[in-house]
Amino acid sequence: MERFETLFVTNRLDILKYLVRRCVDTDEAADALAETFIVAWRRIDVVPDGLEGRLWLFGVARNVLFKLYKKRQLSTAINERLATELRSVVTTSRNDWDGGAVDTALSQLSKSDREIVELSAWEEWLQARLPLCSESPRMQLVCDSIVLGTDSLKSCCSPS
């Protein structure tokens with residue numbers, strides 16, 4: 001314990017400065033510093049003494065940075081792939097429909113009833129799921145009507 005405390009107190013500011021210069025922000029640098037010293041804590045038996053220990057810590061910090069860079073690159077690649085997939089998906093949004101008649105009808109419903117109608121019509125929920133939305137007999141009737149009329153509602157309200 002004492003050995004780790006000495007290692008930490010002696011080197012933490014220099015390791016932090018090293019990390020701050022290489023990270024995107026101070027929060028990332030603080031996380032990298034914590035990870036560096038977690039490795040040191042777990043491997044305290046193999047940490048060399050003196051200057052060798054300091055160099056060992058910088059090596060650990062460098063490896064932590066490398067993992068952060070790889071994680072960031074992977075995250076960027078995943079985000080780019082997702083953005084490409086989202087652009088290629090053709091969806092019908094509420095704004096693509098004739099809002100007049102639909103908005104008038106929806107405005108007469110309670111917020112929860114309106115949500116069920118929208119889930120059914122725009123999100124295409126299955127008939128088996130709708131009865132689970134509400135215990136009320138009135139909503140059960142609405143759900144049944146919506147399921148039967150979803151195609152009619154879409155064709156009536158879709159742009160020509």
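Values below: every heavy atom of this structure, side chains too, minus hydrogens, waters and symmetry copies. Since we're looking at a predicted model, the values are computed, not measured.
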Separation of [Y] [atom2] from [X] [atom1] (nearest 0.5 Å):
X	Y	atom1	atom2	result
Leu65	Lys70	CG	NZ	13.5 Å
Leu16	Asn11	CG	CG	12.0 Å
Phe58	Asn63	CZ	CG	13.5 Å
Leu33	Ile15	CG	CD1	7.5 Å
Glu52	Leu55	CD	CG	6.0 Å

So which atom in [X] and which in [Y] form the shortest heavy-atom distance, rounded to 0.1 Å?
X	Y	answer
Ala61	Thr36	CA-OG1, 3.5 Å
Ala40	Val47	O-CG2, 4.1 Å
Thr6	Thr10	O-OG1, 2.6 Å

Establish whether [X] and [Y] are linked, either directly or via other cluster members, by ILVMFWY side-chain heavy-atom contacts under 4.5 Å.
X	Y	value
Met1	Leu7	yes
Phe4	Val9	yes
Leu19	Tyr69	yes

4.5 Å side-chain heavy-atom contact, [X] and [Y]:
X	Y	answer
Trp41	Phe37	no
Leu68	Glu28	yes
Arg22	Tyr18	yes
Lys17	Asp14	yes

Option from Leu51, Val39, Asp49 for which side-chain contact (heavy atoms from CB on, under 4.5 Å) with Trp56 holds: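 Single side-chain contact (heavy atoms from CB on, under 4.5 Å) partner of Trp56 among Leu51, Val39, Asp49: Val39.
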
In this structure, are over 12 heavy atoms from other groups packed under 6.0 Å from Arg43 atom CZ?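 12 or below, so no.
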
Looking at Glu80, is its backbone amide N or carbonyl O close enough to the side chain of Thr84 to form a donor-acceptor pair, meaning the two atoms are under 3.5 Å apart?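 Looks like yes, one N/O pair under 3.5 Å.
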
Go through the steps to decide whether Ile44 and Arg3 satisfy the test side chain to side chain contact (heavy atoms under 4.5 Å, CB included), and finish with yes or no. CA-CA 8 Å; Ile44 195 67; Arg3 184 162 183 252; 3.8 Å; yes

